[in-house]
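What's counted below: heavy atoms across the whole structure, side chains too, no hydrogens, waters or symmetry copies. In this text the structure is predicted, and so the values were computed from the model without any measurement. The first residue in the sequence is number 1, and the count goes up from there.
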Amino acid sequence: MQRTLSRHWLHSLAIAVLLALAGMANATAPLPPPGALSGENALKLIRSQGRKLAIIDVRTPAEFDKGHLPGATLLPVQELEQNLDKIPDGPVLLVCRTGRRAGDAFGIIRKARPGKENLWYLKGTPVYHSDGTYEFR
């Protein structure tokens, strides 16, 4: 009886340790401060946040149709002020062709929601490849 209880206790302890280690492995690095991100840091953010990160493309519909980041939502910067309700509360990355319009969109959103901390924009150029991959320059 004593041996069975000891094995059960050790088994429970092993499971608890594995769960704790799994939780530490899934812990994300601290988020960068709001603002401009280099291509390298934007890729890190995309990888670390996964589906939690909303990617908003602020280019024109014609530009968006030529290529965009997977899962990105189109919201042209010219229409942003009328559609601020479409900006999610969670983490948001703004992208455009060069970073200029994304920077403008960042300013519009921060003015409307000064306390929004989880907002960034790509200061760089996304390059979209025909196989669906992309890179930032």
Side-chain angles (χ1 to χ4, degrees):
M1 180 76 162
Q2 180 67 19
R3 189 180 240 179
T4 303
L5 288 175
S6 294
R7 263 193 252 155
H8 179 67
W9 183 83
L10 285 173
H11 187 268
S12 297
L13 179 62
I15 289 172
V17 168
L18 289 174
L19 289 173
L21 289 173
M24 289 182 348
N26 288 333
T28 58
L31 295 174
L37 292 179
S38 67
E40 179 182 342
N41 288 333
L43 283 173
K44 287 179 186 176
L45 181 69
I46 291 169
R47 289 183 188 126
S48 75
Q49 294 299 296
R51 298 182 95 144
K52 292 185 281 186
L53 179 67
I55 301 173
I56 299 179
D57 194 317
V58 297
R59 299 176 298 157
T60 66
E63 290 174 299
F64 186 83
D65 289 343
K66 290 180 183 175
H68 55 271
L69 296 175
T73 300
L74 175 64
L75 187 54
V77 71
Q78 299 87 348
E79 301 169 12
L80 187 59
E81 287 187 71
Q82 298 84 5
N83 292 288
L84 287 168
D85 59 320
K86 294 182 180 175
I87 304 298
D89 291 332
V92 174
L93 176 65
L94 304 164
V95 297
C96 66
R97 188 173 54 85
T98 63
R100 187 184 62 76
R101 287 177 284 181
D104 292 346
F106 176 84
I108 291 168
I109 296 167
R110 289 289 286 203
K111 183 177 179 185
R113 296 188 192 167
K116 184 158 179 60
E117 290 295 317
N118 48 2
L119 179 67
W120 307 272
Y121 68 96
L122 172 65
K123 189 162 176 80
T125 302
V127 178
Y128 308 103
H129 302 289
S130 59
D131 64 358
T133 61
Y134 61 91
E135 62 184 293
F136 298 143
R137 295 188 184 150

Trace of the salt bridge (Lys or Arg N to Asp or Glu O under 4.0 Å) decision for Glu79 with Lys86: CA-CA 11 Å; Glu79 301 169 12; Lys86 294 182 180 175; over 6 Å; no

Between [X] and [Y], is there a shared hydrophobic cluster once you connect ILVMFWY residues whose side-chain heavy atoms come closer than 4.5 Å?
X: Trp120; Y: Phe106; answer: no
X: Val92; Y: Leu84; answer: yes
X: Val127; Y: Ile55; answer: no
X: Leu74; Y: Leu69; answer: no
X: Leu31; Y: Tyr121; answer: no

Closest non-hydrogen atom pair between [X] and [Y], with its separation:
X: Leu75; Y: Leu80; value: CD2-CD1, 3.5 Å
X: Gly132; Y: Pro70; value: O-CG, 4.4 Å
X: Cys96; Y: Arg101; value: SG-N, 3.6 Å
X: Gln82; Y: Gln78; value: OE1-O, 3.6 Å
X: Arg97; Y: Pro126; value: O-CD, 3.6 Å
X: Leu122; Y: Gly39; value: CD1-CA, 3.8 Å

Within 6.0 Å of CD in Glu81, more than 12 heavy atoms from elsewhere: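 Not buried by this count: 12 neighbours or fewer within 6.0 Å.
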
Between [atom1] on residue [X] and [atom2] on residue [Y], distance to nearest 0.5 Å:
X: Asn83; Y: Asp85; atom1: CG; atom2: CG; answer: 6.0 Å
X: Glu117; Y: Arg110; atom1: CD; atom2: CZ; answer: 5.5 Å
X: Lys66; Y: Glu63; atom1: NZ; atom2: CD; answer: 7.5 Å
X: Arg59; Y: Asp65; atom1: CZ; atom2: CG; answer: 9.0 Å

Backbone of Asp89 reached by a side-chain donor or acceptor of Asn118 within 3.5 Å: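 Yes.
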
Whether Arg113 side chain and Ile87 backbone form a donor-acceptor pair below 3.5 Å: yes

Parallel, tilted or perpendicular: rings of Tyr134 and Phe136 (30°, 60°):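 Ring orientation of Phe136 relative to Tyr134: tilted.
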
Contact check, side chains of Leu37 and Pro32, non-hydrogen atoms, under 4.5 Å: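 Yes, their side chains come closer than 4.5 Å.
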
Close side-chain approach of Lys116 and Ile109, heavy atoms under 4.5 Å: yes

